[in-house]
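Beneath this line is the structure, given in structure tokens, with notes to follow.
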Amino acid sequence: MTADLATDVFEEHRPLLTGVAYRMLGRVADAEDVVQEAWLRWYQADRAAVREPRAYLVRVTTRLAIDRLRQVRSRGEAYVGPWLPEPYLTEFAETAPDTAERAVLADTVSLAVLVVLESLSPLERAVFVLREAFGYPYAEIATLLDRAEPAVRQLAGRARRHVAEGRPRYEVDPVRRRDLTERFLAAASGGDLEGLMSLLAPDVRLVGDSGGKAKAPVRVLHTADKVGRFLVGAARSVPADISYRLLETNGGPALLVLSGDKPDSLFQVDIADGRITAVYIVRNPDKLRHLTGH
């Protein structure tokens, strides 16, 4: 295989590899580093001996992601306030036209699920991602991870139960989410408390991630009254140069708030039964830099 062909093969699989690495790590920069390392391994490998490039690349990427996840956890870094995954730009409407496939991809990359995945062991997380997000058979996952198939099935069952217990109920329908997101923007930016209260579920929660580097609640807020009043209060101190852009991140519509041309925050909501059940706000500037220009 020539160098040019090796590059073409890798680029063909890059979206898959990035998807695996991001779901494993919840961090865009770390996922990109892992994929870059996978490229180096691929370029230096004896490619003539590789019968299935896709399987080889997924195996290398998954194992590198497991190692990176273990390193991150072993450092035990303290994070100021609630933690949310780095927003991840997705275009599932283009890459996964099938509604059922798009729903699965959106669910497994959603903020709600990624937060739950943080509590899994690296191996459990790898099995869950490969099985639930990408539909790999147990036998193939066992080969990729160099584990016995019964052990992989056990890991998958444990991970599924844990995710089911920790995942809040929400809908992934993109049309409903976009509609409620736009109505949410109108009410929140206009300081319309009554309008907000009509959109928020009684037990709604607001999770703000600033990493201590911007203003955001240091604890999760609960109930429509507290969340609504916080959002209306925040709207009063918005700078004059604020603008909004609707993006697709983590499988659903999100509002990118810009101060001038610089990302200030990103809002995303979960919905169920026609109401907003969760509001996620990412304000940590380190998690927003990669959104510049989108």
Side-chain angles (χ1 to χ4, degrees), residues 26 81-85 87-88 90 92 99 102-119 132 160-210 215-238 244-257 265-284 287:
W83 178 90
L84 289 171
Y88 177 55
T90 51
F92 292 146
T99 303
R102 189 160 69 241
V104 170
L105 287 169
D107 182 47
T108 58
V109 82
S110 69
L111 296 182
V113 168
L114 287 173
V115 168
V116 178
L117 293 188
E118 282 293 297
S119 59
E132 302 300 322
R160 263 198 308 270
R161 285 193 300 273
H162 191 84
V163 172
E165 290 168 2
R167 169 172 43 192
R169 188 172 65 90
Y170 63 90
E171 298 173 21
V172 296
D173 183 275
V175 175
R176 290 188 196 178
R177 288 183 71 186
R178 184 179 180 115
D179 174 61
L180 270 178
T181 299
E182 291 176 340
R183 289 161 61 193
F184 169 83
L185 170 61
S189 61
D192 178 6
L193 181 58
E194 187 177 341
L196 269 175
M197 296 297 284
S198 71
L199 301 176
L200 301 175
D203 58 348
V204 65
R205 59 197 178 90
L206 182 147
V207 185
D209 176 334
S210 70
K215 284 188 176 180
V218 294
R219 294 183 181 84
V220 177
L221 300 182
H222 295 273
T223 77
D225 182 65
K226 288 181 181 177
V227 171
R229 291 185 185 282
F230 169 80
L231 291 168
V232 168
R236 295 194 187 107
S237 58
V238 166
Y244 304 91
R245 189 175 300 165
L246 195 65
L247 304 175
E248 183 187 296
T249 65
N250 296 83
L255 290 168
L256 177 64
V257 182
S265 50
L266 184 129
F267 287 73
Q268 191 162 48
V269 301
D270 282 343
I271 67 168
D273 302 323
R275 293 283 191 96
I276 294 172
T277 56
V279 179
Y280 303 104
I281 309 174
V282 179
R283 297 214 66 213
N284 185 337
K287 295 186 176 184

Once you round to the nearest 0.5 Å, how far does [atom1] of [X] lie from [atom2] of [Y]?
| X | Y | atom1 | atom2 | value |
| --- | --- | --- | --- | --- |
| L231 | S189 | CG | OG | 11.0 Å |
| L255 | F184 | CG | CZ | 7.5 Å |
| T249 | L266 | OG1 | CG | 5.0 Å |
| D107 | N250 | CG | CG | 11.5 Å |

Pairing residues for E171 by the salt bridge (Lys or Arg N to Asp or Glu O under 4.0 Å) criterion, not counting sequence neighbours: R176

Which pair of heavy atoms, one from [X] and one from [Y], lies closest together, and at what distance?
| X | Y | result |
| --- | --- | --- |
| V109 | L114 | O-CD1, 3.3 Å |
| L199 | A187 | CD1-CB, 4.5 Å |
| A188 | A235 | O-CB, 3.1 Å |
| T181 | P253 | OG1-CG, 3.9 Å |
| P217 | L206 | CG-CD2, 3.9 Å |
| P82 | V218 | CD-O, 3.4 Å |

Without swapping roles, check the side chain of E132 against the backbone of T108 for a donor-acceptor pair under 3.5 Å. no

For D209, is there any backbone N or O sitting under 3.5 Å from a side-chain donor or acceptor partner on K287? no

All side chain to side chain donor-acceptor pair (under 3.5 Å) counterparts of S210, not counting sequence neighbours: none

Considering only residues two or more places apart or on different chains, which pairs with a residue in residues 225-234 satisfy side-chain hydrogen bond (donor to acceptor under 3.5 Å, both in side chains)? D225-R229

Quick one: which residue pairs count as a side-chain hydrogen bond (donor to acceptor under 3.5 Å, both in side chains) with a foot in residues 110-119, not counting sequence neighbours? S110-Y170, E118-R125, S119-H162

Residue pairs involving residues 182-198 (criterion salt bridge (charged side-chain N to carboxylate O under 4.0 Å, His left out); sequence neighbours excluded): R178-E182, D179-R183

Taking only distance into account, with no hydrogens and no angle test, what donor-acceptor pairs under 3.5 Å do side-chain atoms of residues 269-283 form with protein atoms, sequence neighbours excluded?
| from | atom 1 | to | atom 2 | distance (Å) |
| --- | --- | --- | --- | --- |
| D270 | OD2 | Y280 | OH | 2.7 |
| D273 | OD2 | R169 | NH2 | 2.7 |
| R275 | NE | S198 | O | 3.3 |
| R275 | NH1 | L200 | O | 2.9 |
| T277 | OG1 | D270 | O | 3.3 |
| Y280 | OH | R205 | NH2 | 3.3 |
| R283 | NH1 | K215 | O | 2.8 |
| R283 | NH2 | D264 | OD1 | 2.8 |
| R283 | NH2 | D264 | OD2 | 3.2 |

